[in-house]
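I have placed the structure first, in the form of structure tokens, so that the comments after it can refer back to it.
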Amino acid sequence: MITAEDTVIFWEIGLLTKTHMYKGMVTINKQQDHWNNDTDSLPSEKEQELTGRLMEKEAEINKTDKKIKDNEKQIKNIEKSKTWKYSKPLMSGLFANSKDKQSEYIRQLEDKLEQTEKELYQAKEHIHHLKLNASKLDSQQISETVHAKKNDGKLLDYIDHLVRQKKEHNANYNRTLRYAARVFMNEKPDYKNLVYSKVLKGLHSEDIPEFMIRAGLTDENSISLSPAVSFRALLNVRMRQKQLTGTLPEWRLDNKPVAYSFIEQLGLRKPWTSSETYKLAELPEKENIVIKPADGAGSRGVYLVYGFNDIVDMKRSKNVGSWEQLKDSMEQDLETGWVQHDEWSVEELILENDNTPASDIKFYCFYGKVGLILEIVRVPERKYCWWTVTGERVRTGKYDEELFKGKGVTQDEIDLANDISLKIPAPFVRIDFLRSGDRLVFGEFTPKPGNYDEFDDATDQWMGDCFTEAQGRLTNDLLLGKQFEAYNQLMKTLNY
């Protein structure tokens, strides 16, 4: 039966399918995107909701129609039977005499049904709580189980079992999701696109069937293929490319002296850096310097030396005290494996103001377009702030428990990062700066940010779009003969 609410749904669907389509990339936490050049046409959330409700109502109508037809067929068969013809007068009399009894019996059945529904609801709630408790227990027991298997010498067999189990589990889900999409291949475009868009959310890019990809490319008002990309996956592939080819353009700039030479060619400021590395025993005693591992990454083994008795351990966010205590701490870094080799570099200490260490400004650059900006303060404790290029603070899944309200960046600083990344023939590189007063000082190039797997799904998917679009633009520029003069000249000078 079509209710008044259903009539409203049909009316709203009619209006929305005419007008409620928009273009633009899905952005982090539903922030308005700034690129405005994605070609995906995406239905609004309201339209998707109404389309889904319409699908449900139509399915209910079809199911009811089928039941009616089946019942009508059974009634006709009964009326044609001899038993019905002979018993009809008797049954009519019985029904007439027992009308009150029938009403009472129906009322009792309705009461029993209501009570059963309440019990079923309570049982479902109980099962839900049991599942939650089981999940909590699982998370608590994971480390104990793994350690126990390791101690018993059975960890490798356990891993093999987990891998097989996970593959079988995923295969079953993938088959079911793909089939759910396939049964809608010939349905109305609105219905098909809604089902496809939901199925896409549950499939990894390699699991998406070709017919869904084809629908995204050929159908009118087609679905967005954004769920098919992942920043994590694309960076993983990029690392495999490096493994196969030996190097990549952005990785050549991962070397500090090479990066500084490139920045000097561009006429940008960088810190003074020692031209040689030192053993711990040979480290020169100087003030206003940064000591860091020659081959390190991140803040492990990095020390800010304001004065001989004012030294900050960046990783531990604490004051070391004296030069002798500094050496003791560096020895501990080597002994624990925090620093792999006894080779240290020295560079200029950049301050933001009189006695405050420079904050870090890290631009996630996708060949000429900044996607995300990370601002970090390290003293008195490490805090993080994520920014879009339009100045909104956002959450990304990384450092969510250590966020603060940062100062942000200027449009000129964003343009500077855009310009530098356009001079590097790579789809992605992070460009790191230090803030000194009201200007930025170059820090380093980072082709593989640490723990990039920790971005939440929305951020990962959005940055995957940034990466993929950058690959396309880079390929087009190379086909048009772009030379990357500064980069190629430096590589030629260094005999790369």
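Note that these values count all heavy atoms, side chains included, but never hydrogens, waters or copies made by symmetry.
Using a cutoff of 4.0 Å between basic side-chain nitrogens and carboxylate oxygens, R393 and E375 are not scored as salt-bridged. R164 and E168 are not joined by a salt bridge, as no carboxylate oxygen comes within less than 4.0 angstrom of a charged side-chain nitrogen. Checked for salt-bridge contact, E485 and K423 miss the test: no charged N lies under 4.0 Å from a carboxylate O. Between R232 and D453, none of the side-chain N atoms (NZ, or NE/NH1/NH2) sits under 4.0 Å from a carboxylate O, so this pair counts as no salt bridge. Between E347 and K292 there is a salt bridge, with a side-chain nitrogen of the basic residue lying less than 4.0 Å from a carboxylate oxygen of the acidic one. The pair D160-K154 does not meet the salt-bridge criterion, since no charged nitrogen lies less than 4.0 angstrom from a carboxylate oxygen. Salt-bridge formation is detected for the pair D432/K362: a Lys NZ or Arg NE/NH1/NH2 atom is positioned less than 4.0 Å from an Asp or Glu carboxylate oxygen. Ion pair E264/R269 not flagged as a salt bridge, since none of the NZ, NE, NH1 or NH2 atoms sits closer than 4.0 Å to an Asp/Glu carboxylate oxygen.
In this view, K482 satisfies the salt bridge (charged side-chain N to carboxylate O under 4.0 Å, His left out) rule with no residue, not counting sequence neighbours.
Cation-pi geometry between K242 and W251 is met: the NZ or CZ atom falls under 6.0 Å from the ring centre, inside 45° of the normal. A cation-pi arrangement is found for K270 relative to Y260, the charged atom lying closer than 6.0 Å to the ring centre and inside a 45° cone about the ring normal. Note that R430 lies in the cation-pi zone of Y364, set by a 6.0 Å cut-off to the ring centre and a 45° limit from the axis.
Between Y384 and Y399, the ring planes are parallel. Angles under 30° get that label, and only those over 60° would be called perpendicular. Using bins of under 30°, 30° to 60° and over 60° for the plane-to-plane angle, the ring pair F366/F428 lands in the tilted bin.
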